[in-house]
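The first residue in the sequence is number 1, and the count goes up from there.
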Amino acid sequence: MEVESPTDCDPPPLTEAEIYTLRLDKDEESDIPSPKSKRLKMVQNTKADSVDAPVHIMKKTVPLQFSMFRLIKQMEKLKRQRKKKEESEMFRRFRAKISPGENQAAEAELRKEISKEMFSKMHIIGQFNLGFIITKLDSDLFIVDQHATDEKYNFEMLQQNTVLQGQRLIIPQKLNLTVVNETVLIDNLEIFKKNGFDFIYDEDAPILERVKLISLPTSKNWTFGQQDIEELIFMLSDAPGVMCRPSRVMIGTALNSQEMRKLVAHMGEIEQPWNCPHGRPTMRHLASLDLIDF
């Protein structure tokens with residue numbers, strides 16, 4: 001019996017150690033997933049996690065009132081308002097500020113825009129700080145100095161229509177004046193005489209006793225006295241040598257609606273209502289309501 005001997009082409013038999021190593025390599029290859037298996041697994045996870053389940057949603061239909069015609073009308077109205085505001089800003093009548101440096105410009109604007117008839121048409125808003133009257137004419141607001149206005153009215157009315165007669169006192173009356181006020185009175189004795197006051201002046205008498213009152217002015221039911229002398233002294237302190245008349249409406253005097261309306265209406269009865277005899281403004285423009293956004 002012949003036994004075949006291994007040829008040179010056959011590989012040598014494997015040892016036990018080599019067989020064990022091959023088994024390990026095979027097991028590791030079986031643990032590594034293939035690209036195809038990875039894609040399948042990702043598709044399965046995607047379907048399970050990210051796909052929404054159908055949900056029943058309750059819907060409610062609400063009708064919305066809308067009209068293209070009304071929208072166009074509203075847009076046209078806004079355009080007209082904007083154009084009117086721009087035009088009023090461009091051509092506004094009163095530009096001067098309430099400032100001593102712009103008194104002449106403010107007076108010129110008032111003289112141009114406000115006629116005598118307009119004062120009686122002004123609506124009285126109220127009194128401010130017991131010294132000023134707030135009025136409204138159309139869309140314009142004005143502030144009126146109640147004391148300066150009354151002073152100017154009295155000045156013009158007394159000059160035009162009133163003849164002051166002096167009532168002589170039986171006994172010369174002492175005046176309780178300060179040194180400054182006595183000096184102002186002495187420097188303006190002629191103006192006091194034109195207002196119906198008469199004094200005796202003793203240059204050699206002690207200070208505060210150099211001037212004594214000997215005659216008071218009277219005019220119909222108008223009564224003058226010590227208060228009017230002090231008022232004239234106060235006005236002459238601001239403008240020495242300027243002719244003036246005393247006012248009955250002082251700063252700090254509370255006025256009711258009728259009294260405020262009467263003062264404003266008086267401004268339409270005089271020739272120069274824009275400042276008092278000393279140059280203090282009687283009225284200024286405050287604001288135009290058309291230019292204010294509410």
Side-chain angles (χ1 to χ4, degrees), residues 52 54-150 152-153 249 254-276 279-294:
D52 293 335
V55 178
H56 181 66
I57 300 175
M58 297 295 293
K59 296 182 179 180
K60 182 179 179 181
T61 303
V62 179
L64 178 64
Q65 294 183 358
F66 175 78
S67 170
M68 182 61 71
F69 177 77
R70 290 178 59 187
L71 178 61
I72 294 173
K73 288 294 184 183
Q74 290 292 332
M75 294 297 294
E76 291 177 351
K77 182 179 179 181
L78 290 174
K79 289 180 180 179
R80 288 195 302 268
Q81 290 177 349
R82 182 178 299 175
K83 183 178 179 181
K84 182 179 178 181
K85 182 177 180 181
E86 292 175 353
E87 290 177 351
S88 61
E89 179 69 23
M90 185 179 301
F91 302 106
R92 59 179 181 174
R93 300 179 299 167
F94 301 98
R95 293 178 175 272
K97 299 178 181 179
I98 302 179
S99 170
E102 299 193 23
N103 279 344
Q104 291 184 354
E107 184 177 336
E109 290 176 348
L110 291 170
R111 188 183 298 108
K112 178 182 177 182
E113 301 294 340
I114 305 297
S115 63
K116 290 185 178 183
E117 295 77 18
M118 292 181 179
F119 287 103
S120 59
K121 299 178 182 179
M122 289 185 176
H123 175 66
I124 304 298
I125 303 297
Q127 188 182 29
F128 170 69
N129 204 29
L130 294 179
F132 302 92
I133 302 170
I134 307 300
T135 66
K136 178 177 176 290
L137 179 65
D138 297 331
S139 61
D140 291 304
L141 294 180
F142 299 90
I143 184 169
V144 178
D145 186 325
Q146 64 188 42
H147 176 70
T149 298
D150 187 57
K152 186 58 179 285
Y153 176 76
V249 181
L255 303 175
N256 56 37
S257 298
Q258 185 177 357
E259 291 170 332
M260 288 187 284
R261 190 174 294 108
K262 183 178 179 181
L263 280 176
V264 174
H266 279 170
M267 297 182 71
E269 301 174 11
I270 57 181
E271 294 298 325
Q272 299 293 332
W274 312 119
N275 47 57
C276 74
R280 189 167 69 249
T282 55
M283 185 175 81
R284 286 293 179 264
H285 180 259
L286 270 182
S288 178
L289 299 180
D290 290 337
L291 303 179
I292 300 176
D293 293 327
F294 294 100

I need the [X] [atom1] to [Y] [atom2] distance, nearest 0.5 Å.
X: Lys262; Y: Asp150; atom1: NZ; atom2: CG; answer: 9.0 Å
X: Leu110; Y: Arg284; atom1: CG; atom2: CZ; answer: 6.0 Å
X: Met267; Y: Met283; atom1: CE; atom2: CE; answer: 5.0 Å
X: Leu137; Y: His123; atom1: CG; atom2: NE2; answer: 11.5 Å
X: Ile134; Y: Ile125; atom1: CD1; atom2: CD1; answer: 8.5 Å
X: Asp140; Y: Met118; atom1: CG; atom2: CE; answer: 10.0 Å

Heavy atoms only: give me the nearest Leu255-Glu259 pair and the separation to one decimal.
->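 Taking Leu255 first and Glu259 second, the nearest heavy atoms are CA-OE1, 3.3 Å.
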Locate the shortest heavy-atom distance separating Pro281 from Asp145; write the atom from each residue and the value.
->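 Pro281 and Asp145 have their closest heavy atoms at O-CB, 3.8 Å.
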SB check Glu117 Lys121 (cutoff 4.0 Å) =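 No salt bridge links Glu117 with Lys121.
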Electrostatic pair Glu271:Lys152 at N-O distance under 4.0 angstrom |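 Lys152 and Glu271: not salt-bridged.
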Would you confirm whether [X], through its side chain, and [Y], through its main-chain N or O, come within 3.5 Å as a donor-acceptor pair?
X: Lys136; Y: Asp138; value: yes
X: Glu113; Y: Phe94; value: no
X: Asn129; Y: Gly131; value: no
X: Gln146; Y: Leu263; value: no

Measure the shortest side-chain to side-chain distance between His147 and Arg280 over non-hydrogen atoms and say whether it is less than 4.5 angstrom.
->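 In contact.
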Side chains of Phe132 and Val144: does their closest heavy-atom pair fall under 4.5 Å?
->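 No, too far: nothing below the 4.5 Å cut-off.
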Within a radius of less than 6.0 Å around NZ of Lys97, do more than 12 heavy atoms belonging to other residues, nucleotides or ligands occur?
->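 Count not over threshold, so no.
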Per-pair distances, 0.1 Å, donor-acceptor, side chain in residues 65-76, under 3.5 Å, sequence neighbours excluded:
unit_1, atom_1, unit_2, atom_2, d
Ser67, OG, Phe69, N, 3.4
Ser67, OG, Arg70, N, 3.3

For side chain to side chain contact (heavy atoms under 4.5 Å, CB included), just list the numbers for His266 and Thr149, CA-CA rounded to whole Å, side-chain angles, deciding distance to a tenth of an Å, and then say yes or no.
-> CA-CA 8 Å; His266 279 170; Thr149 298; 5.6 Å; no
Mind checking whether Phe142 and Trp274 have ring centres under 6.0 Å apart?
->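 Ring centroids of Phe142 and Trp274 are no less than 6.0 Å from each other.
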